[in-house]
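Scroll down for the structure; my scribbles are underneath it.
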Amino acid sequence: MWRYVRRRLVLAVLTFWAVSTIVWGLLYLTGDPVAILLAGTPAGQTDVEQLRHALGFDRPLPIQYLHFLSAAVQGDLGNSLRSGEPALLLVSRRVGFTVQLALLAMTLALVVSIPVGIVSAMFRGSLTDRTLMLLSMVGQSMPIFWVGLLMIAVFAVELRWFPAGGAGGIKYLFLPAATLALYPMARIARLVRSSLLDVLNRDYILAARARGLREALVVGKHALKNAALPVITIVALQFGYMLGGAVITETIFGWPGVGLFTVTAIHERDFPVVQAAVVLASGMFIALNFLVDLLYGWLDPRIRFS
Amino acid sequence: MTDLVVVEELCTYFQVRGPTGRRAVLHAVDNVSFVVRRNEILALVGESGCGKSTLARTILQLQKRTSGRVLFDGQDLTALAAGELRRLRRRMQVIFQHPHGSLDPRVSIGQAIRDPMDIHAVGTMDERQSRVEELLGLVGLHPDHAQRFPHQISGGQAQRVAIARALALHPDFIIADEPVSSLDVSIQAQILNLLADLRASLGLTYLFIAHNLAVVEHFSSRVAVMYLGRIVELAISDELYARPLHPYTQALLASAPVADPDAPARPPAYIGDVPNPLEPPPGCRFESRCPMAMDICRQVDPVLTEVEPEHWVACHLYPILQRSST
Amino acid sequence: MSAPIASSQAALVRELTGRRLSRFRSGDLLVLIAFLMLAAIVVCALIPATLAPHPPNQQEITMRLLPPTWMARGDSAHPLGTDQLGRDLLSRVIHGARISLIVGLSALIISGFIGVAIGLLAGYYRGWLDDWIMRLADVQLAIPYVLLAIAIIAVIGPSNLNVVLVLAVNGWVVYARLARGQALSLREQEFIQAYRALGARDWRIVLQHILPNLLSAVIVVASLELAGIITLESSLSFLGLGIQPPTVSWGYMLADGRTYQLGGAWWVVTFPGLAITATILSINVLGDWLRDVLDPRLKI
Amino acid sequence: MREPPLLEVEDLRVEFPTPKGSVRAADGVSFRVWPSEIVGLVGESGCGKSVTTLALMRLVRPPGRFSGRIVFKGRNLMALSEHEMRLLRGGEMAMIFQNPMTALDPVFTVGDQIAEVFQSHPQLRTGDVRTAAAAVLEQVRIPNPRAQLNAYPHQFSGGMAQRVMIGMGLAGRPSLLIADEPTTALDVSVQAQILDLLRAIREKLHTAVILITHDLAITAQLCDRIVVMYAGQVVEASPTRELFRAPRHPYTRGLLDSMPRLGHKRARLEQIPGQPPDLRALPVGCRFAPRCPRAEERCRTEEPVLVSSGDGRYVRCHFPLEAR
């Protein structure tokens, strides 16, 4: 097990390094990083050269990279072009909002999807099953921004149950969380169903029944634990996307998380902030995947002991 | 020259790595030497994981060897250039265990049998076509089968197609890797008889890999017994079944079910499970399960020796016996 | 009934009731509806100018924010009403189909082609190439892509081509992993070994025996991927980082109309939203059906 | 055999619906098992032997259907409630499977899975479940049983895993053990040990065993009687010695002759021509007629029934073979 943990940890660190490098390379995509940074500002030639020198862009590329790396290791991803504050610090202040939103959304998604998936699998082919699966197919097909707009139109404008946007108490959190939850909810419900059906066809389920186990034990213990493995992967993936990619939901509802902050930064062409946001989100994502690997090792003895 | 295939000190090792990343070396085939004589059926017997299939693949150069040589009709296959090897492949063919698995599900039966000729550009289109029909007849299939696809035929028929495909280029040598083990008993006999007939009429040489001792006894002229990557005994079939020398061969034979209710009941040989092939013991590989293990077995790896004419065995029991008797 | 002994009842049932293309099942009505819906969308994408009653960008300021015909102030010339600039919504929805499908399909084809090629090579030849490609795929999967995509677009600027490229870069990983996995298992299959033993060259084995056998899995995955690509494209357009006006795109229509929706003009966002949902839903339904028919054991 | 049979199966049918009508995987299967007897259920793949035993345990899952009469220890199993049936499974009737590695749940320890049997059957409640579970492993000759309780299935070899399965089956002290190809996935040397274990269980515990297999050689020394199935039907049932000495159904004779037998090297194997029929397109009359060397006109029109010849032998043939 320890060997497995170590290997996963090394992989996570390497991945994080690779992601940071890609984000660093973003500015060089069009050739001249300074031009990107100054785009939209009426800067003269001397300003450009000054900035190039001040930011070190006139040094050889490998040196620039090493400089970036050594700074990044110390948590320095540059300063915001607007406020001059450290970009990473600015972004981190917004993480709390995003985590709140993601946690509530994932809770909502799981509370609905897992029972739905189980019921569908147990009553496979029934009217209930077909209705639930059709609904989840529709849920999976609705683009999130339209869902958000519908939520606002119905629950904020028409019914006036919840505010249409902004931040505050749980009231403000509910609509964005429900919006964000819809896709994973539908996706996970379908996955729980198919994964459970797959497991129910396995020999060990037949063998468990042949041993005279109660159906509740066969399904509730053997089938569910085995079916959980693929579900956990998708749950983690979706949660990771929420942490980093709740961009659209946050934009629609004006929820001040990392996503909205990033979009604002893009419109303001504040690139260090955008970079910091991508690095931070990827970091959370990678850390989450690492935790899932540990969870896998704990759930599946074949990984733990091999 | 009567030896068609000569295998010399062949080794195939695999670097294996578990999900945890621990590296180890699997000695799948370890210092194996033997010859296959023209027109004989040499059987290779052993339990799962003993390396018999890897050995077959290595001989055919489908698997890279770690060291050693394989001579086919005097030419060293391991030293040939890719083009020359490809030309030589026409003369050696292989039949696998799973009849449906050895046919491409998207290739019709006729095309599958024709493929070898297409690959080596043999004959004109018409000649290839008539050869396909000839081959179908040879393996006992109807010409109409040519239009069908693998999922439309039974396992026994699929195995016949695989045999026809192997015969398309007039090979001298065929490796049959468990050709009947996944077939039903009544179909098994059909395929075994077909293989025997083809050998007689086409002068083929077989390396026949199997785990069923009764099938091997029926079908082979000589038998090599494999254990954990090694050949532990090699003898003429009748001799081996009448007088197995290696304790492992004896245990195998004692374990095989005898299809005779009147045969005296025998206690099974309790030789436990096969040890982990990743960590072979320093001495004899069979030592941990051997009822007759001696001190020397734990330290010295026995070599395959001809203890009697045509009877080879890798066991410390025999050279000692010989020495004491002479 | 000559397949290897069915080890479990499930295998037996599968063997006895194996689904075939020709069979009509209860869910097939849904599939038929999805097929017709998608066909209609494709027709819209092919000949939008013929179908649309008005040019998509024709503005009539006097006719702003007209509701659909069946409502009180509705105008029969604008069946689905008009937007804030008096443009005909029906015409714009019809024209929007074109860019969604063009962008979606081109990104799909580029990423599918690259991904399958890379995956095939990695899976068939193994070795260091395989190691590196799969590492790269892991790294890419560890990035929340929406965020990275908008960052890239922000750097290289939004244009139709850039959107396609960003979407294609996102997509290749799925195909590469799929093709690699299938190639890895296929190359160990006895029939591939048999062709190698026959002396077939690598290109022949890969192109004639491995590629055709993984195509059905690729088609299934591609159909489900297409839905994702179209969603992502409309999301980027919604954020103003995707398709740029005057090209009509559903995502941009939604972004453009959202403030007017709050004022009560629900139709400006409802119809483009419905169009996207209908497209993605029908693709999803058909993809699901394709999987059942072509490759029921495929896990996605 | 004066005592009443332990198990009586009469006219058992198992059907699976398919697009082209339903397929009868087992069609009118009848046989009996007496206490502490080992019966071999022999046939080729697809002959219906596995579904038959699943039906005995009432484990055929929808959409499969089954009907017929199953009487076990005087109780009509078809009339039992699901609850009573469940207590019977793993209790008085146990079952083991072909591949022990897939029949054990990979994510729970072996001890946990054995304990479940005790927890699911009130009649088996013992003081300490762990001790009872260890005793189960000891009974099937697994060394160091107490420590092995904490092991996961993948840590066992195939042979050891099959012992665990057998042990679990014995936990409920069954009077009938159904073993579905218990050695097919194992090596020869391990197979011999498992068969020996089954023999010892019968001696010691007087458990009757139904051994399902496609390999007649296995049945020769282990089984008291053999039931031969072909295309969903029982074609012959007979005490082992008589069956080997003088098979009465041409199919049984064909099977015996086509099987290479250790120590009986022949120049050429006899072979049964053709292949088993597709259950979706069965021939009219006798199902074996198309492959039968003795088939006559009657065989192709009239389906034979299973008849007793009085000496404990049954055969489904219009023209049964006489002793050679």
Side-chain angles (χ1 to χ4, degrees), chain B residues 45-50 140 153-157 180 182-194 196-197 211-220 237-238 241-242 248 251-276 289, chain D residues 42-47 141 156-160 183 185-197 199 214-223 239-245 251 254-276 278 291:
Chain B
V45 186
E47 297 180 283
S48 55
C50 73
I153 61 176
S154 73
Q157 289 168 333
V180 296
S182 62
L183 300 175
D184 275 321
V185 192
S186 70
I187 309 298
Q188 243 179 44
Q190 296 175 2
I191 298 296
L192 285 174
N193 284 339
L194 176 65
D197 294 346
H211 68 274
N212 185 325
L213 293 162
V215 168
V216 168
E217 181 187 24
H218 171 78
F219 197 66
S220 58
S237 177
D238 293 342
Y241 279 84
Y248 176 64
L252 267 188
L253 280 170
S255 306
V258 178
D260 180 0
D262 295 320
R266 307 160 303 167
Y270 270 92
I271 51 173
D273 286 338
V274 184
N276 187 349
R289 304 166 79 192
Chain D
V42 178
E44 298 178 276
S45 49
C47 74
R141 304 173 191 158
F156 287 86
S157 67
M160 283 295 149
T183 61
L186 306 175
D187 275 324
V188 201
S189 58
V190 184
Q191 160 172 296
Q193 296 163 29
I194 296 293
L195 295 177
D196 190 53
L197 180 63
R199 200 179 286 129
H214 65 278
D215 186 355
L216 266 171
I218 287 178
T219 62
Q221 295 202 301
L222 188 65
C223 299
T240 306
R241 189 156 281 135
E242 280 78 358
L243 185 105
F244 273 84
R245 198 176 291 152
Y251 174 66
L255 274 187
L256 286 170
D257 287 349
S258 61
M259 182 175 63
R261 294 158 83 166
L262 216 51
H264 297 265
K265 193 164 178 171
R266 281 167 286 169
R268 199 181 161 76
L269 298 167
E270 296 297 320
Q271 60 186 55
I272 307 177
Q275 46 223 323
D278 187 336
R291 304 175 75 188

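Just so it is clear: chains get the letters A, B, ... in the order the sequence lines come, proteins before strands, and each one is counted from 1.
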- Item | Which of D/R268, D/R261, D/Q191 touches chain B most, by non-hydrogen pairs under 4.5 Å | D/R268

- Item | chain B contacts, top residue of D/G254, D/A217, D/C223 (heavy-atom pairs, under 4.5 Å) |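 Heavy-atom pair counts peak at D/A217.
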
- Query: Which of these passes side chain to side chain contact (heavy atoms under 4.5 Å, CB included) with D/S258: B/N193, B/I187, B/V185?
  - Reply: B/V185

- Item | Matching residue for B/P261 among D/T240, D/L222, D/L243 - test: side chain to side chain contact (heavy atoms under 4.5 Å, CB included) |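 Checked D/T240, D/L222, D/L243 against B/P261; only one passes side chain to side chain contact (heavy atoms under 4.5 Å, CB included): D/T240.
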
- Task: Tell me, out of B/D238, B/D197, B/L192, B/N212, who's got the most heavy-atom pairs with chain D below 4.5 Å.
- Result: B/D197

- Query: Under a 4.5 Å heavy-atom cut-off, does chain D meet the side chain of B/A256, its backbone, both or neither?
  - Reply: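 Contact with chain D involves both backbone and side-chain atoms of B/A256.
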
Under a 4.5 Å cut-off applied to non-hydrogen side-chain atoms, are [X] and [Y] in contact?
X      : Y      : value
D/S189 : B/R289 : yes
D/L262 : B/L213 : yes
D/F244 : B/D262 : no
D/Q275 : B/S186 : no
B/Q190 : D/L269 : no

- Task: For B/H218 and D/P260, work out which heavy atoms get closest and say how close.
- Result: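 Nearest pair, atom of B/H218 first, then D/P260: CB-CB, 4.0 Å.
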
- Message: Tell me the closest heavy-atom pair linking D/G263 and B/E217, and the distance in Å.
- Response: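 Answer, listing the atom of D/G263 first, then B/E217: N-OE1, 2.7 Å.
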
- Task: Hey, could you give me the CG/CD distance between D/L186 and B/E47, rounded to the nearest 0.5 Å?
- Result: 10.5 Å

- Quick one: does B/D184's side chain have a donor or acceptor within less than 3.5 Å of a partner on D/S45's backbone?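 Flag set: sc B/D184 to bb D/S45 pair under 3.5 Å.
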
- Message: Main chain of B/A263, side chain of D/Q221: is a donor-acceptor contact present, judged purely on distance under 3.5 Å?
- Response: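 Looks like yes, one N/O pair under 3.5 Å.
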
